[in-house]
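Computed from a prediction, not measured in an experiment: that's the story for all the values here. Order of the sequence lines sets the chain letters (A, B, ...), proteins ahead of strands, with each chain counted from 1.
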Amino acid sequence: MSISIRIPPSMDYVGRVVSIVRRAKVFVRRMEIEARDSTYHIVMDVEGPADEIGWLIAKLDKLPEVLEIGRTQAAPAIAVAVREGR
Amino acid sequence: MALFDAAYFVDDIEVVMFRHEQGAAHAAEGYARVAGRPAVVSATSGPGATNLVTGLTDAYMDSVPVTAITGQVATWVFGRDGFQETDILGVATPITKWVYQVRRPEEATPAVRIAYEISALGRPGPTLVDLPRDVQLMEYRGEAKIQINVSKFIPPKPREEDVAKAVKILLEADRPVVLAGGGVLWSGATKEVLELAEKLNAPIVSTLPGKAAIPHNHPLYMGPAGMHGRAEADAALANADAVIAVGTRFSDRTWGRFRELQERVRSGEVKLIHIDVDRSEIGKNVKPTVGIVADARDALREVLDLMPAAAARSPKFLAWLYEIRRRYEDAMEKAAAEFRHFAPWKVLKAVRRAAPPSAVTVTGVGGHQMWSEIWWEVYEPGTFITSAGLGTMGFGIPASLGAKLADRSRPVVCIDGDGSFQMTFNNLALVREYGLPFVEIIFDNASLQLVKQWQVYMYGNRQIAVRFARNPDFLKIGEAYGIEGIRPSSYEELERAVSWAVRNDEPLIIDVTIDEDKDIVLPWVKPGDWLTQVILPKGMEDVSLAYEH
């Protein structure tokens with residue numbers, strides 16, 4: 001599962017996002033942050049039970065600094081890499 | 001320094017100087033719970049800020065609106081380990097709804113405004129604004145825009161199809177139970193909870209925070225359930241075939257463990273309706289049959305509007321619960337005779353007789369708090385304040401001061417323990433200084449009784465680090481702060497003393513000697529046990545909390 005988040009460009013807010021992710025029972029396969037259009041775009045590929053990922057998204061969405069949040073299935077190339085253990 | 005210097009020139013900011021920042025934070029909680037709006041607590045950088053952490057965590061766990069403003073070293077010192085530098089944003093990140101470090105003076109006003117607003121919006125909680133010293137001294141040129149999304153805290157309307165499902169479940173149930181959490185109080189949904197229970201003729205059970213939301217003289221209220229809940233409340237929850245849980249996060253302290261409930265919900269044996277303003281609470285610990293994300297009062301109002309007069313139910317379930325109550329109270333009456341000094345629950349009954357219904361009762365944390373959970377009777381919503389989620393010893397005295405600050409016309413009674421008292425009694429200095437009288441009742445068993453209880457039952461009675469070999473004279477401590485005190489020798493004397501203090505709006509410290517060897521709080525659902533595995537007091541050996549239907 002891929003979670004995409006948009007927050008204002010502050011590492012304090014990145015820290016807040018990470019503090020929630022580290023308490024979820026998921027494995028973070030990939031996490032990228034990119035500064036774009038005056039905001040930080042965070043993309044995370046996470047693995048774990050669907051309920052847990054749902055909880056994580058709901059918790060992240062509670063942060064007022066999270067301006068947008070969405071979920072998609074992980075990109076195929078990443079899914080293949082995961083399957084192959086790379 | 002600069003912030004307080006500015007406050008010197010502002011008339012409508014009342015600065016109350018607590019003797020320790022933790023006390024100030026708990027006082028802000030007490031204030032918020034009585035006033036229904038946040039208080040602002042401020043501390044200096046470094047130790048001042050870190051001393052707030054326990055109070056902020058407490059507010060976070062119990063969903064209390066508090067706004068903290070902390071000082072910070074100058075921005076050019078950041079990361080260089082300057083004197084009293086602490087990354088308070090990093091520290092407070094997991095225990096706040098929002099934190100913000102002001103980097104430009106133009107951000108200061110909107111940051112404080114947003115922090116204040118967010119702390120009370122939706123599910124309440126603490127917020128923190130950090131003000132570096134150099135930014136405080138800079139010239140202010142208008143207001144900057146702080147980019148955040150506040151609207152997400154505005155509760156959504158309940159979905160019609162979910163409400164309809166909930167109504168159908170409740171109407172079809174044989175043994176529906178209403179579980180009221182702290183969210184009922186914040187939402188102002190007491191009336192709706194009572195109306196729903198009456199319509200269904202269903203027992204009401206609460207969590208520990210939810211205890212404050214329900215008048216205990218209502219015949220359908222069974223009391224709080226859980227680790228130290230009422231036996232009839234545990235029985236009601238464990239044997240319900242439908243539970244409507246309102247404004248609660250499904251704490252292990254209320255349910256013991258979730259496995260039985262989750263299995264019953266999954267099999268359809270129990271239908272679970274969960275209403276909460278916080279989307280992330282739905283399904284967090286137990287996956288409900290129906291989850292409704294909405295303000296508690298709005299959701300219950302829609303449920304009530306859709307619900308016709310409920311079909312008559314067999315009174316057997318309620319009669320069984322009342323019988324458990326009768327058996328428990330009989331057993332405890334007999335147990336009281338074995339105490340050489342005071343029996344904790346009889347102390348609470350005597351104090352309750354002396355305190356008017358509107359009196360605000362605050363507790364510390366420990367055995368006395370658990371006795372209060374079981375025995376203290378709340379008559380008016382919002383008049384019982386305790387540290388439920390975090391269980392912070394020392395909460396009682398500062399929270400009592402905060403409660404009194406919020407409404408000086410109401411008596412405040414603090415039910416405390418000798419362990420809790422010794423953690424924050426330095427704040428008694430404010431009683432005379434600011435005219436904040438309250439009655440401090442110390443359940444003095446010379447031990448950390450609740451920890452001792454765990455050691456007795458769960459660690460082969462190996463007692464370590466739980467007894468105070470020598471307690472100070474609490475009455476002399478009171479005297480040092482200009483507060484009278486007594487050590488009563490009878491329940492009548494105790495009741496008279498409380499009446500006198502309340503009537504005259506005078507502070508009073510009452511040191512009540514409790515037999516430490518007999519002070520075991522029962523009922524008790526041991527951690528990780530299911531509700532029906534509760535340990536009941538002597539004389540209830542033949543009572544089972546499993547309903548035969």
Side-chain angles (χ1 to χ4, degrees), chain A residues 1-28 31-72, chain B residues 60 63 72 78-79 87-103 107 111 114-115 117-119 121-125 127-130 144-156 249-250 262 266 276-288 291 293:
Chain A
M1 182 65 66
S2 187
I3 301 171
S4 59
I5 301 167
R6 197 166 65 83
I7 58 173
S10 156
M11 286 309 289
D12 294 337
Y13 289 157
V14 172
R16 299 251 297 165
V17 167
V18 170
S19 109
I20 289 175
V21 176
R22 58 186 279 274
R23 294 172 71 195
K25 296 176 191 75
V26 297
F27 179 71
V28 179
M31 189 172 192
E32 286 179 8
I33 306 169
E34 185 187 357
R36 198 177 349 128
D37 307 327
S38 312
T39 52
Y40 277 171
H41 293 249
I42 302 174
V43 179
M44 277 182 286
D45 293 339
V46 298
E47 294 168 15
D51 284 352
E52 196 63 21
I53 294 173
W55 173 84
L56 172 60
I57 291 170
K59 279 295 241 194
L60 289 168
D61 196 22
K62 274 175 67 175
L63 296 176
E65 56 266 41
V66 169
L67 305 172
E68 273 179 34
I69 186 163
R71 70 158 100 181
T72 53
Chain B
Y60 188 72
S63 304
Q72 184 55 275
F78 278 15
D87 173 19
I88 194 63
L89 252 70
V91 174
T93 274
I95 53 163
T96 46
K97 273 179 92 174
W98 188 61
V99 290
Y100 195 79
Q101 188 169 66
V102 174
R103 299 290 180 99
E107 294 171 349
I114 290 167
E117 185 186 357
I118 283 180
S119 70
L121 201 57
R123 180 181 182 172
T127 54
L128 183 143
V129 176
D130 197 34
K145 181 172 166 40
I146 295 175
Q147 197 182 9
I148 60 161
N149 182 359
V150 175
S151 65
K152 64 172 66 177
F153 293 119
I154 298 167
R249 61 188 166 88
F250 281 80
Q262 190 66 80
R266 200 177 291 132
D276 204 282
V277 72
D278 181 346
R279 189 184 308 276
S280 71
E281 290 299 340
I282 306 287
K284 182 180 82 177
N285 289 329
V286 182
K287 217 170 179 179
V293 182

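- Note: A:Glu32 CD to A:Ile42 CD1 = 11.5 Å, rounded to the nearest 0.5 Å.
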May I have a list of the donor-acceptor pairs under 3.5 Å that connect chain A with chain B?
{"unit_1": "A:Tyr13", "atom_1": "OH", "unit_2": "B:Trp98", "atom_2": "NE1", "d": "3.4"}
{"unit_1": "A:Arg16", "atom_1": "NH1", "unit_2": "B:Thr93", "atom_2": "O", "d": "3.1"}
{"unit_1": "A:Arg16", "atom_1": "NH1", "unit_2": "B:Thr96", "atom_2": "O", "d": "3.2"}
{"unit_1": "A:Arg16", "atom_1": "NH1", "unit_2": "B:Thr96", "atom_2": "OG1", "d": "3.2"}
{"unit_1": "A:Arg16", "atom_1": "NH2", "unit_2": "B:Lys97", "atom_2": "O", "d": "2.6"}
{"unit_1": "A:Asp51", "atom_1": "OD1", "unit_2": "B:Lys287", "atom_2": "NZ", "d": "3.3"}
{"unit_1": "A:Asp61", "atom_1": "O", "unit_2": "B:Lys152", "atom_2": "NZ", "d": "2.8"}
{"unit_1": "A:Asp61", "atom_1": "OD1", "unit_2": "B:Lys152", "atom_2": "NZ", "d": "3.4"}
{"unit_1": "A:Lys62", "atom_1": "NZ", "unit_2": "B:Asp278", "atom_2": "OD2", "d": "2.6"}
{"unit_1": "A:Leu63", "atom_1": "O", "unit_2": "B:Lys152", "atom_2": "NZ", "d": "2.7"}
{"unit_1": "A:Pro64", "atom_1": "O", "unit_2": "B:Asn149", "atom_2": "N", "d": "2.7"}
{"unit_1": "A:Val66", "atom_1": "O", "unit_2": "B:Lys152", "atom_2": "NZ", "d": "2.7"}

Trace of the side-chain contact (heavy atoms from CB on, under 4.5 Å) decision for A:Leu63 with A:Ile5: CA-CA 11 Å; A:Leu63 296 176; A:Ile5 301 167; over 6 Å; no
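- Note that CZ of B:Phe250 is 8.5 Å distant from CD1 of B:Ile282, once rounded to the nearest 0.5 Å.
- Using a 4.5 Å heavy-atom cutoff, the side chains of A:Pro64 and B:Val150 are not in contact.
- Between A:Val26 and A:Met44, every side-chain heavy-atom pair lies at or beyond the 4.5 Å cut-off.
- A heavy-atom distance below 4.5 Å is not found between the side chains of A:Val21 and A:Ile3.
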